[in-house]
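Note that the coordinates shown come from a computational prediction; the quantities given were computed from them, not determined experimentally. Lettering follows sequence order; numbering is per chain, from 1.
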Amino acid sequence: MEYRYQDIEKKWQAFWKQNKSFAVQNGGDKPKFYVLDMFPYPSGAGLHVGHPLGYIASDIYARYKRLKGYNVLHPMGFDAFGLPAEQYAIQTGQHPSVSTNINTDRYVSQLNKIGFSFDWDRTFKTTEPDYYKWTQWIFLELFNSWYNKETDKAEALDTLISKFEEGGSSAAEGDGSFEGSFNANEWNGFSEVEKEEIIQNYRLAFRSLGTVNWCPELGTVLANDEIKEGLSERGGFPVVKKKMWGWSMRVSAYADRLLKGLEELDWSPALKEQQKNWIGKSRGAKVFFDIQDHEGVSIEVFTTRPDTIFGVTFMTLAPESELLDSIVADEYKSKVQAYVEVAKNRSERERQTEVKNISGVFTGAYAKHPLTGNPIPIWVGDYVLGSYGTGAVMAVPGHDGRDFAFARHFRIPVVQVISKDGSEEAVLEAAMEEKGGVLINSDFLNGQKVKQATKTILSKLYDKGIGEARTNFRLRDAAFSRQRYWGEPIPVYYENGIAKAMDVSSLPLELPAVDQYKPTETGEPPLARSKDWFVDGNPIETSTMPGWAGSSWYLFRYMDAQNNEAFASKEALKYWQNVDLYIGGSEHATGHLIYSRFWTKFLYDRGHLFVEEPFKKLVNQGMILGRSNFVYRVKDSNTFVSFNLRDQYDTVPMHVDVNIVKDDVLDQAAFKAWREDLSDAEFVLEDGAYHCGSEVEKMSKSKFNVVNPDVIVEEYGADTLRMYEMFLGPIDQSKPWSTSGISGVYNFLKKFWRLFHNDEIFSISEEAPTADELKVLHKTIKKAEEDVEAFSFNTSVSNFMVCVNDLQKLKCNKRAILEDLIVIISPYAPHICEELWEKLGNEDGVLEAEYPKFNPAYLVESLHKYPVSFNGKMRFTIELPIDMSKDEIEAAVMEHEKTTQYLNGGSPKKVIVVPKRIVNFVI
RNA sequence: GCCCAGGUGGCGGAACUGGUAGACGCGCUGGAUUCAAAAUCCAGUUCUUUCGGGAGUGCGGGUUCGAUUCCCGCCCUGGGUACCA
């Protein structure tokens with residue numbers, strides 16, 4: 001009987017749907033296991049073959065865990081707010097929900113064709129008011145919370161206000177931006193507006209003035225990746241930096257906990273490293289430098305090397321620095337202004353990458369060294385960023401590479417203050433950045449080692465009141481406002497200019513209808529177009545939430561997706577806890593994975609969750625790259641030359657649709673039909689065929705190298721697609737897609753099918769299995785289990801191939817063997833396994849089966865095949881009993897005729913025998 | 001620049017804690033079956049060779065009886081990024 005995958009796959013997909021085979025209950029006797037894929041954005045282009053890679057891996061794991069006796073939660077939903085849908089809405093005037101729904105439906109149907117075990121009863125889109133009601137609710141929780149540094153957690157604002165009422169500003173130690181002080185009496189006398197202005201500095205969701213990329217022509221703010229070479233990607237209009245008020249999230253309050261929390265996570269070291277670097281904790285000191293001739297004005301710097309303070313020969317301010325206006329000497333004003341104008345509008349990216357291009361301007365002002373009193377010239381340079389630290393650097397060219405380069409470029413003196421052996425170098429050729437050595441040229445620090453000197457200087461600075469030890473983080477508060485339509489509305493309105501939370505009972509605050517989806521003529525966000533965007537006459541916030549809002553907590557919604565009383569019930573949250581296995585791309589290392597950890601910690605602090613981390617184990621899947629094909633057009637003609645002849649003509653390579661190329665040979669008729677202008681194409685062939693060139697690139701529409709999984713499912717079946725994607729290589733590595741190898745996996749499934757069939761007839765033996773058969777089976781069970789636990793799915797598939805090849809050779813069609821084999825293959829190829837399982841007469845589906853138990857007794861060997869090497873070169877093998885001693889092995893090998901041959905009359909200098917491994921002669 | 005990952009046949013890749021390099025699959029070659037094809041099965045397939053052997057896991061060194069695996073230096077590819085004081 002033929003393996004008819006179309007019929008089989010349709011049948012079982014319908015069966016699963018009808019029987020709700022993947023619906024999961026919250027609770028029960030089994031241990032829980034939560035497997036989650038990163039939230040997909042349903043793009044208009046649909047799925048390509050690269051997208052399901054991670055979903056297949058997680059589905060295999062989920063099905064495996066289920067067979068192992070777990071209650072497995074494996075949901076899927078959509079992160080559906082976003083720019084592309086909004087862009088499309090602007091162009092067409094159609095509400096973005098229309099295209100969003102179409103795209104989502106398409107994704108669902110594509111996913112279902114691959115046979116995933118998703119519990120669709122729990123699905124949702126972030127764009128549904130039932131869902132974003134809770135995103136808004138969490139926002140209000142953040143708005144009404146502050147970070148108490150004493151208890152090291154977020155608390156309700158009430159606790160802050162009562163502290164103010166009782167003891168004024170000094171009673172509360174909060175993570176925030178408030179500067180100044182007041183006592184309890186003053187506080188109680190403040191007006192509502194005054195109080196709010198202070199509280200604003202403590203809220204975890206707060207208003208702040210941030211710098212954005214403003215495109216006046218488009219009347220909107222642009223993301224970094226919407227800007228190409230200083231111009232907007234759409235339209236090519238100029239982009240300028242602009243200060244703008246918007247909502248921010250105080251993620252920086254959690255910097256230390258986000259860092260510490262990494263320790264307990266089972267994530268790859270590479271990913272943890274990325275998060276560590278992103279959070280960027282550095283210890284050092286803040287130091288104040290007074291400015292000469294400017295009474296009361298000083299520059300605050302942050303330095304990681306306070307021990308080098310005697311080596312400061314200049315200071316550098318960021319072009320953004322607000323101090324510049326007041327300190328620049330008159331004769332330098334125009335020069336500085338011109339420089340700042342240019343430097344400020346360069347992107348941080350540009351300023352980062354152009355290391356060799358040193359630029360800066362002297363301000364004409366001098367600071368006073370806090371210890372020596374020496375004048376220190378103040379420069380402005382774009383290597384100093386306004387957004388990090390204090391936006392000012394005490395430059396120590398002797399011991400910092402960038403300061404050194406700057407000093408060399410502008411001929412500023414370099415002073416060496418640390419030496420390896422206490423003696424000074426004649427000329428410093430490069431900055432000595434190592435944190436070791438002995439202090440020189442440093443007054444009272446002379447002779448001290450770096451570690452000691454750091455302690456000494458810190459206490460000196462503190463005593464003199466000019467600085468103190470300080471820990472700095474690179475992590476910045478996250479901009480939360482977007483000047484867009486297609487996002488969650490922010491449930492806040494303004495009364496007399498004060499931001500006020502909307503009542504929780506009024507949530508969800510649904511997106512208003514607007515006539516157009518673009519900004520207003522005056523550059524306000526699209527929501528400002530609505531005539532009813534008011535609460536009792538007070539205007540509602542017009543910016544919307546960013547994409548990361550909805551995706552920061554979605555994992556908890558799956559636990560109890562229909563709940564209308566809470567984002568999820570306590571029972572559900574307690575039962576499922578957090579995600580046991582999370583699979584997705586590493587590009588989310590510093591965005592999504594930071595934000596969702598932040599929200600989880602926050603919700604935990606406020607008592608809404610039982611866990612502090614969202615994702616216990618995380619596996620990154622690599623990208624599947626496309627393999628593009630090329631044809632070679634003779635310049636100014638419609639003649640195309642085959643690959644190996646292309647150099648004989650003046651040709652230009654042209655991408656050709658990979659779907660009309662098979663094994664690099666072009667389907668000429670399909671090519672002519674591909675585009676109208678190619679209908680009269682002519683070919684120069686080699687061996688009667690047109691051979692295409694190829695290259696590995698990212699999959700994209702414009703390169704015509706996109707392969708749609710629907711096409712593969714149609715031609716080979718979902719089971720083949722699933723196994724082939726796994727077979728391609730290690731899950732975490734990027735690799736090129738090539739459809740040509742797929743027949744190997746397809747053949748495997750056909751072979752597997754044939755084990756159960758004798759010619760046309762289903763035929764199974766009830767006989768007891770032989771030792772050989774059991775050995776093959778249990779070898780496979782062992783390896784399959786080890787591989788799936790190690791996420792080594794590619795070796796798992798080849799392991800199945802070896803097993804089926806072996807059973808075929810043994811002509812094994814015994815139920816006792818094949819039944820177990822079906823179960824272990826079923827996570828990979830669920831449809832064919834369900835079918836065979838049913839044919840074996842099982843009433844319940846293979847989903848309800850139990851994973852076979854590995855029995856090591858079947859693998860016991862009595863002989864070992866020893867490789868015998870001479871000087872490390874393997875020459876022959878010899879089979880010996882496994883329990884032979886070292887001496888017996890040596891004696892047995894010495895007797896072998898080939899040993900005498902390779903020893904060539906001489907005697908070996910040394911013989912190495914490793915029982916159950918190898919024998920090596922040194923001659 | 002810095003950080004991370006990787007470099008093995010024509011191709012995708014395998015190799016446990018240092019122990020037979022190239023499992024498994026694609027492709028290719030030959031054969032069986034067939035009127036023929038599809039499908040299937042069998043054999044071969046790292047390179048080189050005077051058929052004894054020799055070389056070989058990006059390159060150059062080192063440790064070891066033995067290195068794809070460990071150490072040092074370098075080159076290349078991919079990803080991330082912050083000139084981070």
Using purine N1 to pyrimidine N3 plus N6-O4 or O6-N4 for Watson-Crick, or N1-O2 and O6-N3 for G-U wobble, both under 3.5 Å, which nucleotide pairs with [N]?
N	answer
B:A36	none
B:C2	B:G80
B:C16	none
B:G66	none
B:A85	none
B:C41	B:G31
B:G25	B:C11
B:C74	B:G58

Whole-angstrom distance between [N] and [M], as gauged at atom [atom1]:
N	M	atom1	value
B:A15	B:U69	C1'	10 Å
B:G79	B:G13	P	16 Å
B:C16	B:C76	P	29 Å

Side-chain atoms of A:Thr590 come closest, of B:U81, B:G53, B:A85, to B:U81

Where does the angle between the aromatic ring planes of [X] and [Y] fall among parallel (under 30°), tilted (30 to 60°) and perpendicular (over 60°)?
X	Y	answer
A:Phe870	A:Phe921	parallel
A:Phe800	A:Phe748	parallel
A:His51	A:His48	tilted
A:His757	A:Phe762	perpendicular
A:Trp379	A:Phe406	perpendicular

A:Asp403 side-chain N/O to A:Val396 backbone N/O, donor-acceptor pair under 3.5 Å = yes

When rounded to the nearest 0.5 angstrom, what is the spacing between CD1 in A:Ile60 and CZ in A:Arg722?
->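 Between atom CD1 of A:Ile60 and atom CZ of A:Arg722 there are 6.0 Å.
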
Just label B:G52 as syn or anti from its O4'-C1'-N9-C4 or O4'-C1'-N1-C2 angle, using within 90° of 0 for syn.
-> syn

Mind telling me if B:G9 is syn or anti? Syn here is a glycosidic angle within 90° of 0.
-> syn

Can you tell me the distance, in whole Å, between the [atom1] atom of [X] and the [atom2] atom of [N]?
X	N	atom1	atom2	value
A:Asn277	B:G79	CG	C1'	14 Å
A:Asn871	B:C65	CG	P	12 Å
A:His588	B:U81	NE2	P	12 Å
A:Phe288	B:A85	CZ	P	19 Å

Chi angles and distances behind the salt bridge (Lys or Arg N to Asp or Glu O under 4.0 Å) call for A:Lys916, A:Glu861 = CA-CA 11 Å; A:Lys916 288 185 233 172; A:Glu861 304 262 4; over 6 Å; no

Between protein and nucleotides 4-34 of chain B, map the contacts as a letter string: B base, S sugar-phosphate only, - none, heavy atoms under 4.0 Å, written 5' to 3'.
-> S-------BSS-BB-BB--BBSS--------

So what does A:Glu725 hit on the nucleic acid, given a heavy-atom distance under 4.0 Å: a base, only sugar-phosphate, or nothing?
->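 No contact.
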
